[in-house]
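Comments concern the structure below.
Chain letters run A, B, ... following the sequence lines, proteins first, then strands; residues in each count from 1. Just so you know, these numbers use all the heavy atoms, side chains as well, and skip hydrogens, waters and symmetry mates.
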Number of protein chains: 2
Amino acid sequence: MTMQDSASGVALWRQVADGIERGIANGTYAAGDKLPGETEIAEIYRVNRHTVRRALATLAERGFVRAERGSGTYVEAPRLAYPLRSRTRFSEIVGAGGQEPRGQLIDASEDVATKELARELGLKTGAALIRIEALRLADRTPICVSTSWLAAARFPDAGRVFGATRSMTKLLAHYGVRDYRRGTTRITAAIADAADAARLDLALGRPVLVVDSTDVDIDGKPLVTKRSRFAAERIEFVVENG
Amino acid sequence: MTMQDSASGVALWRQVADGIERGIANGTYAAGDKLPGETEIAEIYRVNRHTVRRALATLAERGFVRAERGSGTYVEAPRLAYPLRSRTRFSEIVGAGGQEPRGQLIDASEDVATKELARELGLKTGAALIRIEALRLADRTPICVSTSWLAAARFPDAGRVFGATRSMTKLLAHYGVRDYRRGTTRITAAIADAADAARLDLALGRPVLVVDSTDVDIDGKPLVTKRSRFAAERIEFVVENG
DNA sequence: TCAAGTTGTCTAGTATCATAGACAACTTGA
DNA sequence: TCAAGTTGTCTATGATACTAGACAACTTGA
């Protein structure tokens, strides 16, 4: 079988890698387990052993497995649970998992509100906004890239403040916002674009969870609206219903 | 640039197709809009025009765009919003969108509880279960494939009942369950496996939203636990926080 | 009517994906 | 010590993805 046969645009070795990764994600292969031998995997997927080796090579590079010559290939890593609550704070979630939360400013610039952004923020189309592009990590693992928009009128200089505090919570506090909560959240999945893939240290073609959300103050007035892209292979959202 | 250069295992034409599809999903190109010409797209992505044509061909086949000779290529379709509430009923959500909800039994069989399934359902590991594999559609568009597990002791013959009623709500009602609601929901994204891709009419390598959920009765006792895979390109989840 | 811009189709050449087979290097357990 | 099983590396070959250039067929607006 060749790539053309499937007409999927996804190389065979990549399909094998995805299959094994799925097995790791859903617990078929747990951390520390030994994978089947390369010849056996080749039989399972009905591909050549070289194709399997290419798949395992990329999984090893991404830290999912570790090959030991003469012995076998072993599973390395797990996933981070990410609750979606009304009070969602990245630092608290990651900290609870025993990891060190880190934020990093990628870029801050001025922008004008599109119709959609204006509606979310309760402004007029064309209103001045500040756009903040940020990367969030747990220890040294990139978790998500997010683009946030705030009204320039209410949060002047927000970019610099975020750069200094590296935290949206602290940024809002700086402007006198003592508490805030999540409004509605929209979730879908997509393939990471080149820029996000690079920042999240993802291979091209990997899925991201795309989350559009708006944070509001205690009176329900919108503060900031965001589009975040999470590395799906490292994250699992948990929705707790009341 | 070739596929090998990027070492992503994703063909160039596929990356272009994903890029254009992303543009359609996020509103850069709205329904009815004319896409840039093939030569222009080729310049944007720095690929050959033939590569762009291949990308557009697959988008056309999937119904996202329509090419008109001599004139241009035009955008066709949108996305279905899928609310995640405590009372989630597929039929109501789809029906509200003006589309006809349909269910289809793929397979029903007996199974034994793994440790995880047993915990979700409040049973002992190894308990007898009934596994129902089902496909859900809106009009004729496949939306999700789901695997449901129920305790065989409480819901004997559940497979046959689902086959007849084609509805989980009606199945539960048949066993005397008058109302039920969502327990916790876990969401992540992955690449569709071959079987799911076929059933959802997705190209290989396309992302799916994977939702693990358990429905409980009004007393909070677990009834059924499910793993559903939604075609990410057709769905957007909406989380409404209280 | 005509020019510019569009999609559709053809012919080639090159890079590389995938297969195939062989053997080396190493680990493990009998 | 040895046999079986594992990963690592090499050579070779066919299929095809991608590039390149040319021209046909058609639409649109001046």
Side-chain angles (χ1 to χ4, degrees), chain A residues 1-20 29 32-76 194 203-205, chain B residues 1-20 29 32-76 194 203-205:
Chain A
M1 192 200 296
T2 68
M3 207 165 97
Q4 174 64 352
D5 287 337
S6 67
S8 70
V10 180
L12 263 185
W13 63 262
R14 182 62 130 72
Q15 297 181 38
V16 174
D18 287 345
I20 296 171
Y29 307 121
D33 281 7
K34 178 169 151 179
L35 291 181
E38 293 173 353
T39 11
E40 193 177 337
I41 296 177
E43 279 167 17
I44 293 171
Y45 288 93
R46 295 161 184 267
V47 297
N48 193 274
R49 182 176 153 236
H50 295 294
T51 308
V52 172
R53 284 184 58 71
R54 174 107 200 236
L56 289 174
T58 67
L59 289 173
E61 202 177 353
R62 289 197 284 144
F64 284 97
V65 302
R66 163 183 40 86
E68 286 183 12
R69 184 178 192 150
S71 171
T73 305
Y74 300 83
V75 177
E76 294 269 55
L204 277 182
Chain B
M1 194 200 294
T2 69
M3 205 164 99
Q4 175 65 352
D5 287 338
S6 68
S8 71
V10 180
L12 265 183
W13 63 263
R14 183 63 130 75
Q15 297 181 37
V16 174
D18 286 346
I20 296 171
Y29 307 121
D33 281 6
K34 178 168 151 179
L35 290 181
E38 292 172 353
T39 9
E40 193 176 338
I41 296 178
E43 278 166 18
I44 294 171
Y45 289 92
R46 296 160 182 266
V47 297
N48 193 274
R49 184 177 151 234
H50 294 292
T51 307
V52 172
R53 285 184 57 71
R54 174 111 198 232
L56 290 174
T58 67
L59 288 172
E61 201 177 353
R62 290 198 282 144
F64 285 97
V65 303
R66 165 182 39 86
E68 287 183 10
R69 185 180 191 147
S71 170
T73 305
Y74 301 84
V75 178
E76 294 270 56
L204 276 181

Between P of C:dG5 and CD of B:Glu40, the distance in whole Å: 12 Å

query: Would you say B:Thr51 reaches D:dT19's phosphate, i.e. side-chain N/O to OP1/OP2 under 4.0 Å?
result: yes

query: Closer than 4.0 Å, any side-chain N/O of A:Arg54 to the OP1 or OP2 of C:dC17?
result: yes

query: Hey, are the side chains of A:His50 and A:Arg54 touching, using non-hydrogen atoms and a 4.5 Å cut-off?
result: no

- request: Starting at atom CZ of B:Arg46, determine the distance to atom P of D:dC18, rounded to an integer number of angstrom.
  value: 18 Å

- line: note: B:Arg14, atom CZ; D:dT16, atom P; distance rounded to Å ~ 19 Å

- prompt: B:Val16 versus B:Leu56: any side-chain heavy-atom pair under 4.5 Å?
  reply: no

message: Quick one, A:Asp33 and A:Tyr74 - any side-chain contact, counting heavy atoms below 4.5 Å?
response: no

Under 4.0 angstrom between A:Thr73 side-chain N/O and D:dT6 OP1 or OP2: no

task: Measure the distance from CZ on A:Arg66 to P on D:dT6 and round it to the nearest whole Å.
output: 17 Å

Gap between atoms OH and C1', on B:Tyr45 and D:dT19 respectively (whole Å): 19 Å

- prompt: Hey, does the side chain of B:Trp13 come within less than 4.0 Å of D:dA17's phosphate (OP1/OP2), counting only N and O?
  reply: no

query: Between C:dT7 and B:Arg53, is there an OP1 or OP2 to side-chain N/O distance shorter than 4.0 Å?
result: no

Base partner of D:dT28, which must satisfy Watson-Crick or wobble distances under 3.5 Å: C:dA3

query: When every nucleotide of nucleotides 21-30 of chain D is labelled 5' to 3' by its protein contacts under 4.0 Å (heavy atoms), B for base, S for sugar-phosphate only, - for none, what sequence of letters results?
result: BB--BBB---

d(CD, B:Gln15; C1', D:dC18) in whole Å: 12 Å

message: Please name the nucleotide paired to C:dG13 by Watson-Crick or G-U wobble geometry with both distances under 3.5 Å, or report none.
response: D:dC18

statement: Looking only at heavy atoms, the pair that brings B:Lys34 and B:Ser71 closest together is NZ-O, 3.1 Å

Listed nucleotide nearest any side-chain atom of A:Leu12, set D:dC18, D:dA17, C:dT19: C:dT19

message: Could you tell me if the side chain of A:Val10 sits less than 4.5 Å from the side chain of B:Arg14, heavy atoms only?
response: yes

query: A:Ile41 has an atom CD1; how far is it from atom P of D:dT6, in whole Å?
result: 10 Å

statement: Closest heavy-atom pair, A:Tyr45 versus A:Ile20, reported as atoms and distance to 0.1 Å, is OH-N, 3.6 Å

query: Considering all heavy atoms of both residues, which atom of B:Ala55 and which atom of B:Ala17 are nearest to each other, and what is their separation?
result: CB-N, 3.6 Å

query: How close or far is atom C1' of C:dT7 from atom CG of B:Leu35, stated in whole angstroms?
result: 13 Å

